[in-house]
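The figures here come from the full heavy-atom set of this structure, side chains too, leaving out hydrogens, waters and symmetry mates. In the text below, chain A, chain B and the rest are named by the order of the sequence lines, each starting its count at 1.
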2 protein chains.
Amino acid sequence: MTLILDNIAKIVSLTEAEKELFLSKIETKQYKAKTILHNAGEICKHSYFVNSGLVRSFNINDNIVEHVLHFACEGWWIGDMYSLLSQKPGNLFIEVMEDAEVVLLSKENQEQLYFEIPKLERFFRILTEKSLVAHQERLMDNLSLSAEERFDKFCKRYPTLIQRVPQKQIASYIGVTPEFFSKMKSRMLRK
Amino acid sequence: MTLILDNIAKIVSLTEAEKELFLSKIETKQYKAKTILHNAGEICKHSYFVNSGLVRSFNINDNIVEHVLHFACEGWWIGDMYSLLSQKPGNLFIEVMEDAEVVLLSKENQEQLYFEIPKLERFFRILTEKSLVAHQERLMDNLSLSAEERFDKFCKRYPTLIQRVPQKQIASYIGVTPEFFSKMKSRMLRK
DNA sequence: CAACTTTCTTAACCTACATTAAGTGCCAAA
DNA sequence: TTTGGCACTTAATGTAGGTTAAGAAAGTTG
């Protein structure tokens, strides 16, 4: 349970009292693999922090094709930012991939915490900034790199995920079909 | 000069004293078209807010191809978030496309303001959240939509830019070559 | 205004990746 | 033990979009 406090401590330092208050606002739950934490079309009420296990967010376009936006394993946050912030129905699904322990922080509690502990507003500002930078880089990579180069980057950035995530999901994350990914992988191995 | 205060007022409300303090921390400059505000390889010192004119950020990959990350016209913020936050050399260029009046906010002043006016930390948190949501959507669009659909979305989202931005830059923004864009456009007109 | 540069277009040809389809191997439920 | 589902592979064929090259428009500068 200290994982989330450690995560915060990397960016801002809370007093014991503040830690207590923060802990009183969150909720920890266990989920089996394949549980859907949030459905497209619904309004997202929580931010999720992964204590253990593996979670992903993805959308499904008209052609019934899934596209993975994000993987989150131990120590990562995940959610449907659009829906959470706008309180409108989003188009992301959030699904547990491996049995997981997840911390839930409701939108109301999160906003209360901004008032009660301004340092947490700083924490989430910085978290969001880092996420934005990562998304900008991924966007530029999608515009300028080949599938092979995007896969290389993925391997370097998320070495632990490669063993854990089914390769069709990695294919989806980097933006190719599972068939092409398979072919590409064997082509890369041959070198 | 009230444009930037209006921009802030849409999200948080400042007292007159706070407005004064904020204004004392920024600097307004005029730039001619084609001026480079920030070079790839350098450390970014400022956030930029566009009062008038038009500014873009882009990178250049190994093959000497430009990719536009962002356009900013009146009332928009622009910068190299990666370089600004990490204080390391980035790989974005920021260039004035039409003669512009730009507000500069240095990183130091921005961070001072977070302490002096916590509401501004809230303002930038929310600004960053909105930007993140927009980037997530653009990323998913790049993964799942055709060039034609991406162009449609661009037209709906930035109707005023279409007249102002050379079409090769729009092509770059949506991720196709100028030649293909030209072909696609005439194909779309024929319908 | 001419001379130059940059943007846009057109067209022939090329390739990275998608689609469709069939087949393999694995493992979990019945 | 079978059966069915799911992840992965292979291969033939299709296509969105890239590349190259050349000329036409349009904008910029002296």
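Comment: B/Glu74 engages B/Arg164 in a salt bridge, judged by a side-chain N to carboxylate O separation of less than 4.0 angstrom. The existence of a salt bridge linking B/Glu179 and B/Lys183 is excluded, since no basic side-chain nitrogen approaches an acidic carboxylate oxygen closer than 4.0 Å. Between B/Arg125 and B/Glu129, at least one side-chain nitrogen of the basic residue sits less than 4.0 Å from a carboxylate oxygen of the acidic one, meeting the salt-bridge criterion.
Within 4.0 Å (heavy atoms only), B/Lys34 reaches no atom of the nucleic acid at all.
Cluster membership check: A/Ile94 does not share its hydrophobic cluster with A/Val65, using side-chain heavy-atom separations under 4.5 Å among Ile, Leu, Val, Met, Phe, Trp and Tyr.
The distance from atom NZ of A/Lys185 to atom P of D/dA11 is 16 Å, rounded to the nearest whole Å. Here the P atom of nucleotide D/dC8 and the CD atom of A/Glu179 are 11 Å apart, to the nearest Å. We find that CZ of B/Arg187 is positioned 13 Å from P of C/dT10, with the value rounded to whole Å. Rounded to whole Å, atom P of D/dA16 lies 10 Å from atom CD of B/Glu148. Straight-line distance from the CG atom of B/Asn142 to the P atom of D/dA16: 17 Å, rounded to whole Å. In this structure, CZ of B/Phe180 is placed 17 Å from P of D/dT20, rounded to the nearest angstrom. Separating the CD atom of A/Glu66 from the C1' atom of D/dA7 is a distance of 13 Å, rounded to the nearest angstrom. Per the geometry, CE belonging to A/Met184 stands 8 Å off P belonging to C/dC17, to the nearest Å.
The side chain of A/Ser182 places no N or O atom within less than 4.0 Å of a non-bridging phosphate oxygen (OP1 or OP2) of D/dC8. Taking only side-chain nitrogens and oxygens, B/Gln167 comes nearer than 4.0 Å to OP1 or OP2 of C/dT9. Between D/dA16 and B/Ser146, no contact under 4.0 Å exists linking OP1 or OP2 to a side-chain N or O.
Taking only side-chain atoms of A/Val176, from C-beta outward, the nucleotide of D/dA7, C/dT7, C/dA18 with the closest atom is C/dA18. Picking from D/dA7, C/dC8, D/dG17 the nucleotide with the shortest atom distance to the side chain of A/Lys168 gives D/dA7. Side-chain proximity of B/Ala147 to the nucleotides D/dG17, D/dA7, D/dT9 is greatest for D/dG17.
Checked against a 6.0 Å centroid threshold, the rings of A/Phe71 and A/Tyr173 count as neighbours.
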